[in-house]
K.L.:
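Structure incoming, see below.
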Amino acid sequence: MKKYSVGISILSSDFFDLQNTFAKIEKSDLDFVHLDVMDGVFVSNISFGPHFIKCLRPHSKKIFDVHLMVKNPLPYIDAFIQSGADVITVHVEAKNTLKSLKKIKQSGLKCGVVINPETSVKKVKKYLKIVDVVMVMTVAPGFGGQKFMPLQLEKVFEISKMIKSLKRKIDLQVDGGINLETGKSALKSGANKLVVGKFLFNQSDFKKTVSKLKKL
Ligand code: DX5
Ligand code: ZN
């Protein structure tokens, strides 16, 4: 059976009810919490920053996976390291991607690159020596609850082949529009980390749905 992990994106959750949301997350088999940071420039939405994440940190034992949808992440890397992140990912389409990755890596945290739907997999190659994770956006970044883009599975498969040819452990993550069906196709295409947002918050039985996501 393929080993993979499942994380929850809290972007679509009710921020006024986060105490209950985290109580559910902590009791569940979820492996990580995915935190979407949006600057209103790289994407046309604004979410939250390092202080918000720092406030959440003491209330969760889960891995914090911070996704920076930020045009120039470099000036903010230290603040996100201090916020209690375990993994920080930056976009290949952003500025100072390599400098940001090196800074994250030097701090001892895990680092990763993210590619948008319109970006070629070739753009990932030069980062494969340093990253711990590659994330393929399976929706256009900026909002939760969007429809999964199945054409991105070809990129997942391409990148999984690139990773296999290397002698390095690199996780392959997908983000956007994941549910039981699309999650299964992403795993079949070579992914081993799934981010799930709106689909999970729309379910009446949170814990049961997490278990189903973990047995795809
Ligand atoms: C979108 C974010 C995703 C999103 C996932 O820009 O990067 O993490 O919140 O949520 P769903 O599963 O609702 O697409
Ligand atoms: Zn995300």
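No hydrogens, no waters, no symmetry mates; every other heavy atom, side chains included, goes into these values. Order of appearance sets the numbers: ligands from 1, and atoms from 1 within every ligand.
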K.L.:
Distance under 4.0 Å to a non-hydrogen atom of M38: what atoms of ligand 1 satisfy this?
P.N.:
6 (O)

K.L.:
Determine yes or no for a side-chain-to-main-chain donor-acceptor pair under 3.5 angstrom, with Q146 supplying the side chain and A140 the backbone.
P.N.:
yes

K.L.:
When you check the side-chain N and O atoms of D65 and Q173, is any donor under 3.5 Å from an acceptor?
P.N.:
yes

K.L.:
Parallel under 30°, tilted from 30 to 60°, perpendicular over 60°: which one fits the rings of H91 and H67?
P.N.:
parallel

K.L.:
Which ligand 1 atoms are under 4.0 Å away from a heavy-atom of P141?
P.N.:
6 (O)

K.L.:
State yes or no: do F80 and I104 share one hydrophobic cluster built from I, L, V, M, F, W and Y residues joined by side-chain heavy-atom distances below 4.5 Å, directly or via other members?
P.N.:
yes

K.L.:
Would one find more than 12 heavy atoms of other residues, nucleotides or ligands at under 6.0 Å from atom CD of E154?
P.N.:
no

K.L.:
Using a strict 4.0 Å cut-off to heavy atoms of G145, name the atoms of ligand 1 that fall inside it.
P.N.:
11 (P), 13 (O), 14 (O)

K.L.:
Just need the protein heavy atom nearest to atom 6 (O) of ligand 1, so name the residue and atom and give the distance.
P.N.:
G142 N, 2.7 Å

K.L.:
Just which atoms of ligand 1 are under 4.0 Å from any heavy atom in M137?
P.N.:
7 (O)

K.L.:
Return yes if a side-chain donor-acceptor contact under 3.5 Å exists between Q152 and K155, otherwise no.
P.N.:
yes

K.L.:
In terms of residue, atom name and distance, what is the protein heavy atom nearest to atom 5 (C) of ligand 1?
P.N.:
D175 OD1, 3.6 Å

K.L.:
With the Zn ion (ligand 2) as the point of reference, which N/O/S atom of D175 is the closest?
P.N.:
OD2

K.L.:
Could you tell me the angle subtended at the Zn ion (ligand 2) by OD1 of D36 and ND1 of H67, rounded to 10°?
P.N.:
90°

K.L.:
Report yes if S9 has an N/O atom closer than 3.5 Å to an N/O atom of ligand 1; otherwise report no.
P.N.:
yes

K.L.:
If the cut-off is 4.0 Å to any non-hydrogen atom of G176, which atoms of ligand 1 fall inside it?
P.N.:
14 (O)

K.L.:
Given F148, F201, F143, which one has a non-hydrogen atom that is nearest to atom 1 (C) of ligand 1?
P.N.:
F143

K.L.:
Would N116 and T119 count as having a side-chain donor-acceptor pair, cut-off 3.5 Å?
P.N.:
no

K.L.:
Name the closest protein heavy atom to atom 12 (O) of ligand 1, giving the residue it belongs to and the distance to 0.1 Å.
P.N.:
G197 N, 2.9 Å

K.L.:
Flag this pair as yes if the NZ/CZ of K193 is under 6.0 angstrom from the six-membered ring centre of Y4 and inside a 45 degree cone about the axis; otherwise no.
P.N.:
no

K.L.:
For atom 2 (C) of ligand 1, what's the nearest protein heavy atom and its distance?
P.N.:
D36 OD1, 3.4 Å

K.L.:
In ligand 1, which numbered atoms sit nearer than 4.0 Å to a non-hydrogen atom of L11?
P.N.:
9 (O)

K.L.:
Where does the angle between the aromatic ring planes of F48 and F52 fall among parallel (under 30°), tilted (30 to 60°) and perpendicular (over 60°)?
P.N.:
parallel

K.L.:
Decide whether D36 and S9 meet the rule of one side-chain donor and one side-chain acceptor closer than 3.5 Å.
P.N.:
yes

K.L.:
Quick check on contacts: which atoms of ligand 1 are under 4.0 angstrom from a heavy atom of G177?
P.N.:
11 (P), 12 (O), 14 (O)

K.L.:
Number the atoms of ligand 1 from 1 as they appear, then name those within less than 4.0 Å of a heavy atom of M69, with their elements.
P.N.:
6 (O), 7 (O)

